[in-house]
> 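Starting off with a structure, shown below.
From a predicted model like this one, the values you see are computed outputs, not experimental measurements. Proteins get letters first, then strands, A, B, ... in listed order; numbering begins at 1 in each.
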Protein chains: 2
Amino acid sequence: MASLATNDLLRAHPALFDRVRLAIMAHLSLAKKAVDFTSLLTELQLTRGNLSTHMKKLEEDGLVRIDKNFVGRKPRTTYLCTNKGRKAVQTYLTAVEAVLKSSL
Amino acid sequence: MASLATNDLLRAHPALFDRVRLAIMAHLSLAKKAVDFTSLLTELQLTRGNLSTHMKKLEEDGLVRIDKNFVGRKPRTTYLCTNKGRKAVQTYLTAVEAVLKSSL
DNA sequence: TCTAGACTGTTTGTATTACAAACAGGTTTG
DNA sequence: CAAACCTGTTTGTAATACAAACAGTCTAGA
């Protein structure tokens, strides 16, 4: 039978098993407020296309909420970590910690 | 600018950015002994084809060693976590933990 | 007033890859 | 000996990560 730690790892949200999305979710859950597209872009050093598609997926999975508004005349897209997203990150962290501890 | 934690994550071994392989490696590094194909199969609930290709990749990357022998007349394949593999797992898990910690 | 360039992000094309179905070789069973 | 059962491997296909190309808007300069 698989160890508890390993099973928890497999049960964590699939979207978080990509390093870019994990980094995105980490930033968003830290912020506790909306973060805009450009900030994420420069912080994570991604291309716009790549970030755009990752955010779309995260929204589809309900881990973030996308808000679009205008600042002056310019479009501005911001992202907010949902409760579900925060929970997913927590679950993932817990699983990783469990593996870490049991491997000492 | 990307955080230090994020950079560490980017430097982790590419093979571990798949949840199944991560689970396999976590399992093998915890076992500290050879684990056979069938055990991994039932413990991780995978199909044979899927497990086979993942193990092949992990061997090619030097993270596991594959041993083949016979038990009675039946073939038996076992997998052993290499030092490189153990190191890779530690690096990955530590980096992930750092990223997530920075967001709490 | 044009024209070039910068700032929004999105859509598309491609190369990689995860996955299970199909396969193959030997073994046990009836 | 034929059928079912173990080993795992090879294969075809669907999904996906990524950046290039695209599209719309705004601003600056000649």
Side-chain angles (χ1 to χ4, degrees), chain A residues 6 9-28 34-80, chain B residues 2 6 9-28 34-61 63-80 88 92 96 99:
Chain A
T6 302
L9 201 51
L10 281 177
R11 270 189 234 108
H13 198 290
L16 298 183
F17 282 96
D18 175 85
R19 69 193 211 284
V20 170
R21 283 196 296 269
L22 181 62
I24 290 169
M25 290 306 296
H27 272 271
L28 288 182
V35 176
D36 66 283
F37 186 88
T38 304
S39 298
L40 281 175
L41 200 61
T42 55
E43 279 162 13
L44 302 178
Q45 313 242 66
L46 305 171
T47 59
R48 296 192 300 281
N50 195 6
L51 178 56
S52 179
T53 47
H54 278 309
M55 297 317 297
K56 188 178 173 187
K57 177 166 306 199
L58 287 172
E59 188 202 23
E60 285 166 0
D61 287 352
L63 303 184
V64 306
R65 213 187 66 212
I66 301 185
D67 290 309
K68 289 177 177 298
N69 56 356
F70 280 87
V71 173
R73 298 170 170 283
K74 295 181 182 174
R76 177 175 149 115
T77 304
T78 56
Y79 305 96
L80 199 61
Chain B
T6 302
L9 191 56
L10 293 176
R11 270 187 239 109
H13 198 289
L16 299 183
F17 286 108
D18 175 86
R19 58 207 286 266
V20 170
R21 282 196 299 270
L22 182 60
I24 290 169
M25 289 307 297
H27 191 82
L28 287 181
V35 177
D36 65 282
F37 187 88
T38 304
S39 298
L40 280 176
L41 200 60
T42 55
E43 282 161 7
L44 300 178
Q45 312 244 64
L46 304 170
T47 60
R48 295 191 301 278
N50 194 7
L51 178 58
S52 178
T53 49
H54 279 308
M55 297 317 297
K56 188 178 175 187
K57 177 164 306 197
L58 288 172
E59 189 203 21
E60 285 166 0
D61 287 353
L63 303 185
V64 306
R65 212 186 66 213
I66 301 186
D67 291 310
K68 288 175 178 297
N69 56 358
F70 282 85
V71 173
R73 300 172 169 280
K74 293 181 184 174
R76 178 175 147 119
T77 304
T78 57
Y79 305 96
L80 198 60
Y92 180 89
V96 167
V99 168

> How many whole angstroms separate atom NZ of B/K57 from atom P of C/dC19?
10 Å

> Tell me the interatomic distance from A/R73, atom CZ, to D/dT27, atom P, rounded to whole angstroms.
7 Å

> Tell me the interatomic distance from B/R19, atom CZ, to D/dA17, atom P, rounded to whole angstroms.
13 Å

> If the cut-off is 4.0 Å, is B/K74 near the phosphate of D/dG8, judged by side-chain N/O to OP1 or OP2?
no

> Please tell me which of A/P75 and A/L46 maps to the more 5' nucleotide of DNA chain D, matching each residue to the nucleotide holding its nearest heavy atom.
A/L46

> Side chains of B/T47 and B/N50: is there a donor and an acceptor less than 3.5 Å apart?
no

> D/dT9 phosphate, OP1 or OP2: any side-chain N/O from B/K68 under 4.0 angstrom?
yes

> Can you measure B/L58 atom CG to D/dT9 atom P for me and round it to whole angstrom units?
13 Å

> Given C/dA20, is OP1 or OP2 found less than 4.0 Å from the side-chain N or O atoms of B/N50?
yes

> Specify the separation, in whole Å, of atom CE of A/M55 and atom P of D/dA17.
14 Å

> Atom CZ of A/F17 to atom P of C/dC19: distance rounded to whole Å?
11 Å

> Answer yes or no: does a side-chain N or O of B/H54 lie under 4.0 Å from OP1 or OP2 of C/dC19?
yes

> Give me the atom names and distance for the closest heavy-atom approach of B/L80 to B/A34.
CD1-N, 3.3 Å

> Rounding to a whole Å, what distance do you find between A/F70:CZ and C/dC7:P?
18 Å

> Classify the ring geometry between A/F37 and A/Y79 as parallel (under 30°), tilted (30 to 60°) or perpendicular (over 60°).
tilted

> Relative to the 5' end of DNA chain D, which residue comes earlier, A/V20 or A/R48, by the nucleotide with the nearest heavy atom?
A/V20

> Using a 6.0 Å cut-off, check whether atom CZ of B/R19 has over 12 heavy atoms from anything other than its own residue.
yes

> Does B/R21 put a side-chain nitrogen or oxygen below 4.0 Å from OP1 or OP2 of C/dA18?
yes

> With a cut-off of less than 4.0 Å, is there a side-chain N or O of A/T38 near OP1 or OP2 of C/dT8?
yes

> Please report the interatomic distance CG(B/L28) to CG(B/L63), rounded to the nearest 0.5 Å.
10.0 Å

> Please give, in whole Å, the distance from D/dG8 P to B/L44 CG?
15 Å

> Just N and O in the side chain of A/S52: are any of them under 4.0 Å from OP1 or OP2 of C/dT10?
yes

> A/T77 side chain N/O closer than 4.0 Å to the phosphate oxygens (OP1, OP2) of C/dG9?
yes

> Please determine if a side-chain N or O atom of A/R76 lies less than 4.0 Å away from the OP1 or OP2 oxygen of D/dC26.
no

